[in-house]
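Remember, predicted model here, so these are calculated numbers, not experimental data.
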Protein chains: 2
Amino acid sequence: MTGQAADTIERRSGVSLWRQIADRILQAIAIGDLAENAALPPEVALAERYGVNRHTVRSAISALVQEGVLRAEQGRGTFVLSRKRLSYPIGARTRFSAGLQGQTSERHIVLLAFSVEPASQRVAEGLGLARGAEVIRLETRGEADGRPVSRAAAWFEAKRFAGIDKAMAQTGSITASLARFGIDDYLRQSTVLSARHADAADLADLDLQPGAIVLVTVAVNVTPDGQPIQFSESRFPAERVELKLSAL
Amino acid sequence: MTGQAADTIERRSGVSLWRQIADRILQAIAIGDLAENAALPPEVALAERYGVNRHTVRSAISALVQEGVLRAEQGRGTFVLSRKRLSYPIGARTRFSAGLQGQTSERHIVLLAFSVEPASQRVAEGLGLARGAEVIRLETRGEADGRPVSRAAAWFEAKRFAGIDKAMAQTGSITASLARFGIDDYLRQSTVLSARHADAADLADLDLQPGAIVLVTVAVNVTPDGQPIQFSESRFPAERVELKLSAL
DNA sequence: CACTATTTGTGCGTATGTATC
DNA sequence: AGATACATACGCACAAATAGT
């Protein structure tokens with residue numbers, strides 16, 4: 001971000017100063033004046049350059065952080081985010097590791113937590129169980145090249161899949177764990193997709209900045225003969241992942 | 001939002017004042033103390049209640065607007081947004097009107113604009129044309145019960161579908177328009193899904209507030225024998241729509 | 001390890017602009 | 001026209017995190 005005179009910031013032009021400054025920064029990124037991961041000048045420097053108060057610069061930066069363009073780190077600076085996204089396939093046979101093969105040099109699933117609990121309304125419905133039936137919940141995080149790319153909770157009928165947590169911890173794979181219970185194949189029966197802002201838990205789990213967006217999928221997996229075995233809710237950081245729908 | 005003393009807002013507790021106030025408001029909504037579409041007290045009143053500056057209240061409200069919980073309208077007030085979502089089906093035979101049947105009493109597509117232009121890289125690839133080949137672009141908005149639920153751009157080969165804009169204007173249906181060109185059936189070949197914050201155009205087209213999220217699908221439709229006929233990019237307001245994936 | 005400089009984060013007070021009723 | 005309520009902008013002060021010295 002070199003010269004670019006302050007004189008193009010116009011007061012009482014109908015466009016707020018902070019929006020004009022935000023647009024200037026976007027332009028600088030588009031031109032290549034600000035490269036990916038490059039640091040912006042400090043807020044005070046920008047304020048001086050544009051002849052505005054530091055708060056006004058902060059409003060501009062804040063908007064771009066919300067838009068997923070910048071990342072501000074207290075004590076360090078403000079940086080331009082990279083924009084490449086992994087393409088995560090969703091289809092009849094959605095599998096984490098296989099799906100990302102070729103796009104990353106490394107990927108794996110970490111088991112974060114597990115618990116046995118009574119099924120909530122939606123979990124019971126998804127699995128075709130009575131409400132309150134015992135289910136096992138596995139919390140996992142998917143990572144690719146060291147970066148978190150998904151955060152999922154999966155529920156299984158406790159009676160049928162007792163010990164799946166240990167299998168998961170050992171194998172690091174849902175597919176392999178289910179195989180231990182005689183499930184050689186399973187299919188995606190339904191997927192509902194939505195998006196929202198990341199909440200506090202998402203921010204921590206996925207290493208995101210406040211204001212980041214997560215794609216949320218709620219899915220049911222079934223055996224080839226239609227028996228529900230897994231209910232899951234997955235969250236993907238929208239800035240790092242896109243979903244590619246294939247034959248479902 | 002009745003009583004709830006200010007004394008639960010704690011200074012130097014490690015949590016910023018604005019975040020504590022935002023959480024209080026979320027709690028009030030969860031409890032039902034603030035109903036859907038209810039107006040919040042004015043900023044100055046909240047500031048006084050919590051014993052903070054008005055700016056601090058504004059930070060809290062601003063965060064909740066970003067999170068899609070509130071909607072601030074200059075000169076009128078700040079309101080709680082409703083949370084019900086339409087479920088938009090995506091599958092092999094994705095059709096706008098048929099998909100929303102049963103969920104809304106009324107839905108239709110409005111043709112906003114059309115143009116003939118040279119195909120961009122991705123459009124050419126999607127349609128299997130040479131880059132720069134002439135294509136027709138249709139801009140449409142989907143509405144259900146008077147609310148915008150989608151905004152789409154669709155591209156067709158100009159040579160083959162000359163006049164599709166008029167068909168679209170008359171019929172208000174892509175399916176019906178394609179039928180005039182001898183396309184009785186078509187299938188969804190590929191769909192890539194992502195999410196981002198709404199840009200200025202989205203805000204205007206979909207009647208959203210700054211900070212709103214849009215789900216974006218990029219899709220190619222083909223004839224049953226695999227010939228690409230339509231490339232499209234659709235945007236759905238995430239606060240009003242979820243996508244339900246069905247057999248693709 | 002303490003100290004300092006740098007940089008972003010939080011909060012207050014004030015003034016003025018703009019949209020709505 | 002006047003009152004109300006949100007939006008923008010400035011200036012000041014201090015807190016918190018980081019990176020060096």
Discussion item. Could you check whether any side-chain heavy atom of A:Met168 comes within less than 4.5 Å of a side-chain heavy atom of A:Ile109, counting everything from C-beta outward?
Written reply: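 Yes - at least one pair of side-chain heavy atoms lies under 4.5 Å apart.
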Worksheet entry | Pairwise side-chain contact, A:Thr217 with A:Phe236, heavy-atom cut-off 4.5 Å (strictly under) |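 Contact flag for A:Thr217/A:Phe236 side chains = yes.
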Write down the distance between [atom1] ([X]) and [atom2] ([N]), rounded to a whole number of angstrom.
X: A:Gln209; N: D:dA17; atom1: CD; atom2: C1'; answer: 13 Å
X: B:Glu48; N: C:dG13; atom1: CD; atom2: P; answer: 13 Å
X: A:Gln20; N: D:dT8; atom1: CD; atom2: C1'; answer: 12 Å
X: A:Glu73; N: D:dA16; atom1: CD; atom2: P; answer: 19 Å
X: A:Arg76; N: C:dT6; atom1: CZ; atom2: P; answer: 17 Å
X: B:Leu40; N: D:dA5; atom1: CG; atom2: P; answer: 13 Å
X: A:Arg71; N: C:dG9; atom1: CZ; atom2: P; answer: 12 Å
X: B:Glu10; N: C:dT10; atom1: CD; atom2: C1'; answer: 17 Å

Worksheet item: Reckon A:Thr78 has a side-chain N or O less than 4.0 Å from the OP1 or OP2 of C:dT8?
Response: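 Checking C:dT8 against A:Thr78, a side-chain N or O does come within under 4.0 Å of OP1 or OP2.
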Practice prompt. Check every strand shown and say whether A:Val44 touches a base, only sugar-phosphate, or nothing at a heavy-atom separation below 4.0 Å.
Written response: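 A:Val44: no heavy atom of the nucleic acid under 4.0 Å.
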Item to complete: Classify the nucleic acid contact of A:Leu17 as base, sugar-phosphate or nothing, counting any heavy atom under 4.0 Å across all strands shown.
Response: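 Here A:Leu17 touches the backbone only, sparing every base.
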Closest to the [X] side chain, choosing from [options]:
X: A:Arg58; options: D:dA9, D:dC12, C:dG9; answer: C:dG9
X: B:Ala72; options: D:dA9, D:dA7, C:dG11; answer: D:dA7
X: A:Thr56; options: D:dA9, C:dG9, C:dC12; answer: D:dA9
X: B:Asn53; options: D:dA17, C:dG17, C:dC12; answer: C:dC12

Discussion item. On the side chain of B:Arg54, is there an atom forming a donor-acceptor pair with the base of D:dA7 - under 3.5 Å, no angle test?
Written reply: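 Checked by distance alone, the answer is yes.
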Worksheet item: Taking N and O atoms by type only, does the side chain of B:His55 place a donor or acceptor under 3.5 Å from a partner on the base of D:dT8?
Response: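 Answer is no: no donor-acceptor pair is held.
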Discussion item. Which is more 5' along DNA chain C, the nucleotide nearest B:Gly75 or the one nearest B:Arg19? Just name the residue.
Written reply: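 This one resolves to B:Arg19.
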Item to complete: State which residue, out of B:Leu81, B:Leu26, B:Leu64, fulfils the side chain to side chain contact (heavy atoms under 4.5 Å, CB included) condition with B:Leu70.
Response: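 Output: one option passes, namely B:Leu64.
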Practice prompt. State whether the number of non-hydrogen atoms from other residues, nucleotides or ligands found under 6.0 Å of B:Arg83 atom CZ is greater than 12.
Written response: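 Result for CZ/B:Arg83: open.
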Fill in: B:Arg235 bridged to B:Asp199 by N-O distance under 4.0 Å
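No, no charged N to carboxylate O under 4.0 Å.
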